[in-house]
Amino acid sequence: MEFTVRQIATLLDGNVQGDDSLSINTLAKIEEGTPGSVSFLSNLKYEPFLYTTQSSAVIVDRTFEPKKPVSASLIFVENSYSAFTRLLEEYHRFISYSRTGVEQPSFIGENSEAGEHIYRGAFSYIGKNCKIGQNVKIYPNAYIGDNVTIGDSSIIHPGARILDNCVVGNHCTIHPNAVIGSDGFGFAPQPDGSYKTIPQLGNVILEDFVSIGANTTIDCATMGSTIIRQGAKIDNLVQVAHNVEIGKHTVIAAQTGISGSTKIGDQCVIAGQVGIIGHISIASKTKVGAQSGVMKPVTEEGLSLNGSPAFDLKESMRAIVVYRRLPDMERRLLSLEKKTGN
Amino acid sequence: MEFTVRQIATLLDGNVQGDDSLSINTLAKIEEGTPGSVSFLSNLKYEPFLYTTQSSAVIVDRTFEPKKPVSASLIFVENSYSAFTRLLEEYHRFISYSRTGVEQPSFIGENSEAGEHIYRGAFSYIGKNCKIGQNVKIYPNAYIGDNVTIGDSSIIHPGARILDNCVVGNHCTIHPNAVIGSDGFGFAPQPDGSYKTIPQLGNVILEDFVSIGANTTIDCATMGSTIIRQGAKIDNLVQVAHNVEIGKHTVIAAQTGISGSTKIGDQCVIAGQVGIIGHISIASKTKVGAQSGVMKPVTEEGLSLNGSPAFDLKESMRAIVVYRRLPDMERRLLSLEKKTGN
Amino acid sequence: MEFTVRQIATLLDGNVQGDDSLSINTLAKIEEGTPGSVSFLSNLKYEPFLYTTQSSAVIVDRTFEPKKPVSASLIFVENSYSAFTRLLEEYHRFISYSRTGVEQPSFIGENSEAGEHIYRGAFSYIGKNCKIGQNVKIYPNAYIGDNVTIGDSSIIHPGARILDNCVVGNHCTIHPNAVIGSDGFGFAPQPDGSYKTIPQLGNVILEDFVSIGANTTIDCATMGSTIIRQGAKIDNLVQVAHNVEIGKHTVIAAQTGISGSTKIGDQCVIAGQVGIIGHISIASKTKVGAQSGVMKPVTEEGLSLNGSPAFDLKESMRAIVVYRRLPDMERRLLSLEKKTGN
């Protein structure tokens with residue numbers, strides 16, 4: 001990407017103060033800017049950096065008035081944060097655009113078909129009877145099993161594995177080495193103490209705009225489907241067990257694990273390293289603090305939980321504070337016992 | 001798969017009530033059945049679904065008597081749950097059967113040999129001097145290093161990595177992107193604060209009927225072997241460090257981590273997100289609750305532990321209950337102190 | 001490798017007592033030795049094994065005097081532990097040496113160049129405009145994106161993914177299926193409850209002598225760089241979020257997660273399954289116990305922390321002890337209340 005300050009101002013519907021012919025080839029934080037980069041200033045806490053930045057241009061709010069001389073060109077816009085975000089997206093689109101076509105060797109099985117503008121990287125594998133939509137990017141070393149459906153504009157990153165019969169919606173992103181549709185962890189105990197594998201015949205369904213993080217695992221259902229609803233965002237190294245259902249626009253941070261058959265509602269926010277036991281339902285808009293363990297159903301919407309086992313966040317915070325004073329409390333208790341002869 | 005109800009009844013040694021000529025092509029839960037599927041009814045809690053199911057056939061116990069009209073064909077068998085499980089297995093075997101032969105390009109190094117009925121997927125890699133048994137399936141993008149032995153009927157899923165010198169028994173399943181035999185985490189501190197890598201020369205041995213979950217990591221031993229004994233089942237995203245030994249038929253749920261040189265006995269059940277420190281032994285038949293941290297050896301068999309650090313499950317449950325009342329306890333203590341002038 | 005006891009003694013500057021013509025082809029612990037292996041005795045706790053070991057040779061300190069007859073040949077050296085470590089390294093170097101050259105099919109994009117003595121395994125992928133140094137080993141099924149730089153003598157294990165624009169230093173080791181430079185987990189909440197993806201344009205920089213464990217994920221920065229400083233060692237299944245910085249010679253054990261924009265100092269030791277929240281700084285030489293949750297900045301160097309939330313290790317240990325007595329404390333409190341009529 002190489003644009004002039006003027007071109008960027010035009011794209012963002014802004015006005016330039018300073019040299020509008022400078023070349024811009026990247027984006028940077030205002031405190032890390034280098035010549036050729038464009039930055040933004042929204043939170044005035046960062047204003048001091050404006051007067052020292054090496055960035056060639058800085059996007060600022062139309063209402064902003066600099067208090068000292070600025071060497072960078074200024075681009076005045078309605079909302080500097082939104083404008084910068086838009087620029088980020090354009091830049092990202094530009095970069096993403098670069099991968100297209102089919103690299104060799106790559107593998108596609110019988111009766112599988114792919115839409116237009118697809119990218120299939122070298123060493124990517126697509127099994128039999130798959131339907132791959134338009135504008136899909138399947139990066140090198142990715143694996144798609146048999147009977148898989150992938151909607152339009154989805155991205156399957158390097159080394160992601162999508163196993164037989166799974167369904168991926170439109171505009172989904174599967175990050176590197178994520179595994180979608182591996183066997184659920186189901187074993188029937190035998191009288192001799194050994195376990196017999198319970199065949200896992202179901203699949204995983206990802207609805208539209210779902211994001212699955214790097215090295216995350218989503219197991220297929222024993223029968224039926226493990227379902228990730230529209231817009232849900234799942235971070236890296238998360239475990240989603242068989243027959244789980246995750247609601248719309250629910251966000252799950254890294255290293256959280258959700259046990260089998262649990263249903264999580266819409267717009268929940270689950271922090272990192274949380275564990276949720278199996279066979280329960282979590283109401284919509286539930287928030288769960290980091291490292292919590294949810295051991296019981298959550299039936300009321302909008303609660304904030306914390307701790308392991310998890311309970312009300314505020315109560316949890318109070319218990320945490322007292323916990324640290326436990327040795328002192330025990331001493332006080334002993335002192336009282338002595339005093340009262342108990 | 002496409003069978004008639006009659007064929008399924010014959011396979012299961014059952015009798016049909018209703019149309020035995022209907023076509024069956026999949027299995028489903030009774031509450032999720034669609035035309036063409038066969039379901040089962042064992043737990044009578046689900047009996048209401050029998051009268052509304054869309055499944056074409058339902059397997060029921062020979063002793064069962066419907067209380068209302070049923071539109072599905074009924075297959076009466078000795079034990080409906082066992083019969084359905086058997087059907088699941090047959091179906092699974094049928095599906096698994098489909099992958100065979102060698103896809104190109106795939107790689108096999110010098111002096112490596114594979115038995116009959118093998119599947120080697122495209123972009124799979126086998127190094128030098130490997131011995132691969134009969135009926136082994138090595139899926140696309142899997143990697144087998146040098147000097148690796150794999151027994152009969154084992155399945156190496158897409159992207160699984162089995163590094164140099166490892167030994168995999170018969171009937172093992174290595175799920176996608178699992179890593180077997182990566183370097184143990186061993187570093188010797190140097191006087192200048194840096195660390196020197198300690199070479200890891202050992203291997204990993206998986207005995208027969210072992211299952212390793214997706215994205216799980218099993219490190220090789222520094223010297224000697226990290227050993228997973230017969231029938232042990234390990235879920236997704238589990239960390240097994242160098243020189244660990246896991247006993248027969250022990251089950252370990254997702255995201256648990258076991259530190260170096262620890263030995264876990266037979267038939268233990270370790271729940272999810274558990275941490276176990278290094279250099280200890282855990283007696284056979286130990287049960288450990290989710291998110292627990294086992295910091296000490298467990299010498300007595302059959303104990304149930306919970307908490308971090310873990311102690312007796314029942315005591316742990318009592319402490320958990322009181323923990324929530326800590327702020328109240330502190331108030332009561334203060335009140336007593338005021339009253340007694342302490 | 002096949003050497004005589006005499007050759008090994010010469011390499012280690014040692015003297016032999018016993019048969020110096022025996023053949024040695026592997027290394028083993030003294031208690032696990034077999035004919036053909038060399039072991040060492042440093043910690044005298046293991047001395048009894050010296051008199052029963054099957055190893056052909058044992059390396060001992062020059063000052064050591066056996067108390068019984070020993071069937072193995074003895075190699076006397078200045079420091080038996082150091083000598084054995086050196087032997088391990090030589091053996092490891094010998095084994096590692098075996099992979100070299102370019103296997104086919106492998107993929108290298110336009111304008112990418114690699115130095116001398118490189119190994120590029122079959123099905124490995126290198127994108128455009130990459131600079132790969134000398135003596136680099138890129139194992140089968142590894143993926144290197146566009147504009148990636150890799151320094152000399154680094155090893156990229158099977159299935160490791162290094163995404164666009166990342167920089168890997170000299171002498172780094174990236175273990176199997178690790179993901180370097182995947183998108184940071186950044187989503188902007190929208191008024192309708194959905195989330196919009198924030199493009200992640202930065203990269204990851206690994207300085208020299210960095211080790212990244214199997215299935216570990218290091219996200220790229222939103223802008224700028226996620227940085228792992230020289231000599232840092234990161235174990236398996238660790239999550240490092242966007243814009244994190246990890247200091248020199250810091251060691252992080254398995255399954256730990258570090259949230260976005262947090263900075264960890266030099267020479268810290270972070271145990272397994274620790275969680276660290278985002279946007280804080282941790283001073284150098286901080287030690288954090290297993291399963292801890294660090295929720296606040298750590299400004300003083302050299303502290304030891306434990307617990308979730310984490311606080312001073314010693315205080316934490318005392319609170320842990322009292323925690324188990326909570327039910328008993330509550331009973332004592334109740335008894336006091338009864339006695340005093342409270």
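So you know, we letter chains A, B, ... as the sequences are listed, proteins then strands, and number each from 1.
Of all heavy-atom pairs between F123(A) and F123(B), the closest is O-CD1, 3.3 Å. Residues R332(A) and L334(B) come closest through the heavy atom pair NH2-CD1, 3.8 Å. Residues N141(B) and A142(A) come closest through the heavy atom pair OD1-O, 4.1 Å. Nearest heavy-atom pair, R161(A) versus G159(B), reported as atom, atom and distance to 0.1 Å: NH2-CA, 3.4 Å. The minimum heavy-atom distance between P140(B) and Y125(A), with the atom names listed, is CG-CE1, 3.3 Å.
Only the backbone of V274(A) comes within contact range of chain B, judged by heavy atoms closer than 4.5 Å. Heavy atoms of D219(A) lying under 4.5 Å from chain B belong exclusively to its side chain. Contact annotation for A214(B): both backbone and side-chain heavy atoms come within less than 4.5 Å of a heavy atom of chain A. Only the side chain of T340(A) comes within contact range of chain B, with heavy atoms under 4.5 Å apart. Looking at Q230(B), there are no atoms closer than 4.5 Å to chain A (heavy atoms on both sides), in backbone or side chain.
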Residues 318-329 of chain A side chain polar contacts: donor-acceptor under 3.5 Å, at least two apart:
| residue | atom | partner | partner atom | Å |
| --- | --- | --- | --- | --- |
| R325(A) | NE | E330(B) | OE2 | 2.6 |
| R325(A) | NH2 | E330(B) | OE1 | 3.0 |
| R325(A) | NH2 | E330(B) | OE2 | 3.2 |

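Scored by the ring-ring contact (aromatic ring centres under 6.0 Å, His included) test, H175(B) finds H157(B) as partners (sequence neighbours excluded).
More than 12 heavy atoms of other residues, nucleotides or ligands sit less than 6.0 Å from atom NZ of K263(A).
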Could you walk me through whether N177(B) and N215(A) satisfy the side chain to side chain donor-acceptor pair (under 3.5 Å) test, starting with their C-alpha distance in whole Å, then the side-chain angles of each, then the deciding distance to 0.1 Å, before giving a yes or no? CA-CA 8 Å; N177(B) 289 352; N215(A) 281 350; 5.0 Å; no
Before giving the answer on side chain to side chain contact (heavy atoms under 4.5 Å, CB included), spell out for F185(A) and N236(B) the whole-Å C-alpha distance, their side-chain angles and the decisive distance to 0.1 Å. CA-CA 8 Å; F185(A) 195 63; N236(B) 299 342; over 6 Å; no
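In this structure, CD on Q291(B) lies 4.0 Å from OG on S308(A), to the nearest 0.5 angstrom. In this structure, OG in S259(A) is found 8.5 Å from CG in D235(B), a value given to the nearest 0.5 Å. The structure places CZ of R99(B) at 5.5 Å from CG of D164(A), a figure rounded to the nearest 0.5 Å. The CG atom of L201(A) lies 5.0 Å from the CG atom of L88(B); values are rounded to the nearest 0.5 Å. Expressed to the nearest 0.5 Å, how far CE of M223(A) lies from OH of Y91(B) amounts to 11.5 Å.
Side-chain contact between Q273(B) and Q255(A) is absent, with no heavy-atom pair separated by less than 4.5 Å. The shortest side-chain heavy-atom distance between L333(B) and L336(A) falls under the 4.5 Å cut-off.
The candidate with the highest count of non-hydrogen atom pairs below 4.5 Å against chain A, out of A28(B), G272(B), G231(B), is A28(B). Ranked by heavy-atom pairs under 4.5 Å with chain B, the first of S292(A), G307(A), P189(A) is S292(A). Looking only at heavy-atom pairs under 4.5 Å with chain B, the residue among L163(A), T256(A), T197(A) that has the most is T256(A). Heavy-atom pairs under 4.5 Å with chain A peak, among K29(B), Q267(B), E337(B), at E337(B).
In this structure a side-chain-to-backbone donor-acceptor pair under 3.5 Å is missing from K233(B) to F187(A).
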